[in-house]
Each structure stands twice: as structure tokens, then as C-alpha cells.
Amino acid sequence: MIATETFKPLVLAQAKARKVEPRLIVVKHPVGGLNAEELRERIEAATKGLTEATGK
Amino acid sequence: MRIFNPSFGMAAAGPAKVTLQPVNWATDAIALISNSKPNARELLEGVRAMLGAHRPVDNIHFHAKNSASQPAPKELIEKVAKNYKAALLALGD
Amino acid sequence: MKDIADQEVIDIGDMDVEAFNEYANEQGWGDGMPLFVPTEAKVAKFVETVRGDNRPYPPVPPRQIVPTLQSLAANAVMAGCKPEYFPVVTAALRGVLDPDYNLHGTLATTHSCAPMVMVSGPIRHELNINCGTNCFGQGRQANATIGRALGLMLLNVAGAKPGEMDRSTQGNPAKFTFCFGENEEENPWTPYHVQRGFAPTDSVVTVMSGEGPHNLNDHGSTTGDGLLTTFAGGMSNPGSNTIYGKGPMFVIIGPEHAATLKRDGFTIESIREELWKRSRVHLSRVSRENLVTYETTGHKPDGDWLSIGRDPKDIHITVAGGPGKHSAFIPSFGGTTVACTRIAR
């Protein structure tokens, strides 16, 4: 799951309530409201996080 | 003095334990799921494009909730569970 | 907040009210205002008032725990309720637990929504619930504490802790309390709970996850048609969740506006139809980026217009308040429903 650092506590609280352990990729906040150039940094961070998390 | 705890409750019966299948992230189909907030889809599209440098992407598919304010419909969850070993969710907040 | 392993009953020793408030706030049990102490004796009095309602409660989302009557009563005691208010509070809780109310979404959202609690039927007068002048405001213990008790339940039982599970960007003063009664006596049409199929003699709680009341001021119009032009203008808002997420909304008509509309032949149904047509938002008032978002999430415009709900039935109408030329618009979270629960007595 890709979530921003600001929304990480919500994800963790909901995961705890549902007794699941999502693998989290945390990127800078926000994602919404960014233009394409600004979003590029989040895409690169998310892809790096995914690659590291999946060992590829 | 004794008081009642206002946050007390009984644990609800938990969901059945799910056994995850091993995933080959280099080849297996992946579901990309947006929470339907603006830029969640764009974020996932960008990740998919970058993954294209390392793996085939024609079996990486987009899915989305009907509404950002509603839970994912049961049919979507069942479809993803049936057809994919891996899912990547994005919150567009 | 500690989790479900907590004891149901806690021995807090010899605390005065100030010390209890310090303790409660350390546990995360408070809304920022002073709390009453939920002693065993007080809680027992509250529980006695709902003994006739034996239906079990489902797990309360997002935290997914099943509350006990005692833990629910503890919240009502802390809020400052009288014991006889407790059946109204539990009915309101059952309303927000309607799956279509989408409690999880309404509590975890960044939107400012709060549970609007409207009381209908004879119990309004028995409990001295304000249905008239200043009904959305301060002044009556029942209005103030019934809404507050539900808010504390959502904090302590549902787990809607601000900054953690409750992610509202700005919040809303209605999160402290938002409870009022219908002014059935000055409603020239049908009381809301009767519109929903209940008997006039039933006492009913209606809940909707809404914003605070938006004022609809019209001192100038002398016709029902003029009033509806003003109402629709106030409702036509490109920044509302009901255009973004689609969903229900309330128009709470003040008694003087209601009398004018009735005199001119309008019914609940015709008001709803007129407001639906006139409150549409012209595309020139919607940003290009938002239009793309609406189209991709299935909310395509109808010609040059976007509606502020799914259909006319999303506009719920009743009468509340006192003398004066004001009414109110209460938009909802969007992905929610208006849930009614008969109060068990």
C-alpha cells in the first residue's frame, strides 16, 4: 500500500482494527493537489519503495 | 471509586486467516487499486510506467473504488482476490 | 487509548472531578470539555432506561469492537446526559451503525462531517429538546448532551481519535454536539418521521453525517417561488461534498418560510423537485480539473449542469426553528444515508 507519511497513522490504526499487516510504502505528503511535475517525486519514491520491498 | 470504562468492548470475531501465496513481482499479474481520490490513479500509472523498465506491464491492471467516500465493493475485492496474487493500493490524499 | 484488553470496570481510587478529568484526558476519553464521572451507580441508572431494547450491537467500525450497555452509558454519563436521554442516544448510535450510513468512511474522512441528530415525536417535549428558537444552538441540556454523548461514543467506542482515525482536515464545531428537534407543531406538511413511514405517535431519531447548518437568509421574498430561488442559490455549491461524492442533504425550513411556501401551494414533493432543478451547478463554476475528476468517477454533467445529489429524493425536508426569516441547508458527507431509528420505550 502506498500512503503518505501524514496518513500512515490512519492506515496503521485501521489495519490494527482489522487484524491485518499491510506492507506499507510511505511517501511524502501530499499526493492530492500536486501537478505532474510535483507528482513525479512521489512516483519515483513509491517505485523505489516497491522495488526495495519486493526485492527486485 | 470505581468507574465504567467508556472505551471498553468485546473483540469482534476476526476475519478468517488468509494464507498468502508467494508472489513473483517480476512476472506475476498485479492489481493497481486507487482509492479514487485525485492523483491516486496518476501515481499508480507512474509506478506502472517505471516498472516497465524491469518487467512486463501488460498484466498490471488498474482498478478503483466506485467512490472515494465508499468502501471498496465486495465484487471488486473478490475479483482482485481471484485473479491476482499481488495488489498495490494507493491513497490519493 | 488502550485497547479491548482494558477492564470494563476501573478502580480510580479517591479522585475528585478535576483529577478524574486529568485522568480521562490522559486516556484520550475526552472532547476537550469537562466530563462527568461515570461511576458504577450513575451508569446503572442509565442502563435501566434501555432494558427494553435487547437487540445486540454489531461491531462498531472503524475499531470493530462490540460495546456493552455499560460502556455506552459511561459515555452518556461523561457527556452530562440525564438517564432518560440515554434511549435517544442509543437510538442515534443504532442509526449511525446502519451499514449504508458508512460510519467507517464518515469518521476516517478528511471531510468535516459530524453526526446530525434530529429528534421527532412526543419525546421531544418530554425531554425538553429545543425544536424552536435557536434549536441548533446552545441553551438546552438535552440538545447539548445527547449530541455530545454520541460524539464521545464515536471517539471512545468507534475509535475516532482526532489525528489518528479521525482525519478531518479542519473539523467542525458540530463535532462537539449537533442535536435538535423537529418543529412539528409549526410544520404545515408532514413531520419528517411520518414521511419516513413512522406513526405520528412514534418517537424517532434521525441521523445524517452532515456539515453544520448553512444559513439561508431571505427577508425580501414574499412568495414561495422567491424563497425557493434563494434556497437553491444557497445549496448550489461547487465545493460541497454532495457534488463530489453525491448523497443526501437536508433543507430545514424555518416556520415563517414554511408558512409562505404552504400558502403558495407548495408541498414537500414540489419543493424537492424545484430545489433539485434550481440548485444545479453550472459548469462555468467548476474547475477544469474537478470536471475531469467527476467524469472519471462516474459523475458526468447533464448538459452544462452538475447536480448536487443523485436525484430529488436526496433532498430531505422538514421544519425547525422559531420566528424569523431564516432556513438552513445541511449537506452531507456524500457517501452516506439518512437513517431513522424508533426510540425503544
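Chain letters run A, B, ... following the sequence lines, proteins first and then strands; every chain starts at 1.
Annotation: salt bridge (charged side-chain N to carboxylate O under 4.0 Å, His left out) contacts of B:Glu45 (sequence neighbours excluded): B:Arg41.
Note: A:Ile2 CD1 to B:Leu43 CG = 4.5 Å, rounded to the nearest 0.5 Å. Rounding to the nearest 0.5 angstrom, the gap separating the CZ atom in A:Phe7 from the CG atom in B:Leu91 is 8.5 Å. Separating the CE atom in B:Met50 from the CG atom in A:Leu50 is a distance of 11.0 Å, to the nearest 0.5 Å. To the nearest 0.5 Å, atom CD1 of residue A:Ile25 and atom CG of residue B:Leu89 are 10.5 Å apart. The CZ atom of B:Arg48 lies 12.5 Å from the OG1 atom of A:Thr47; values are rounded to the nearest 0.5 Å.
Between A:Ala46 and B:Val47, the closest heavy-atom pair is CB-CG2, 3.9 Å.
The contact between A:Leu34 and chain B is made by backbone and side chain atoms together, counting heavy-atom distances below 4.5 Å. If you measure heavy-atom distances from B:Leu44 to chain A, the contacts under 4.5 Å come from the side chain alone. For a residue to count as touching a neighbouring chain, one of its non-hydrogen atoms must lie under 4.5 Å from one of that chain's; by this rule A:Val11 touches chain B with the side chain only.
Ranked by heavy-atom pairs under 4.5 Å with chain B, the list A:Ala36, A:Gly32, A:Pro30, A:Ala17 is led by A:Gly32.
Within the 3.5 Å criterion, the main-chain N or O of A:Leu39 finds no donor-acceptor partner in the side chain of B:Asn39.
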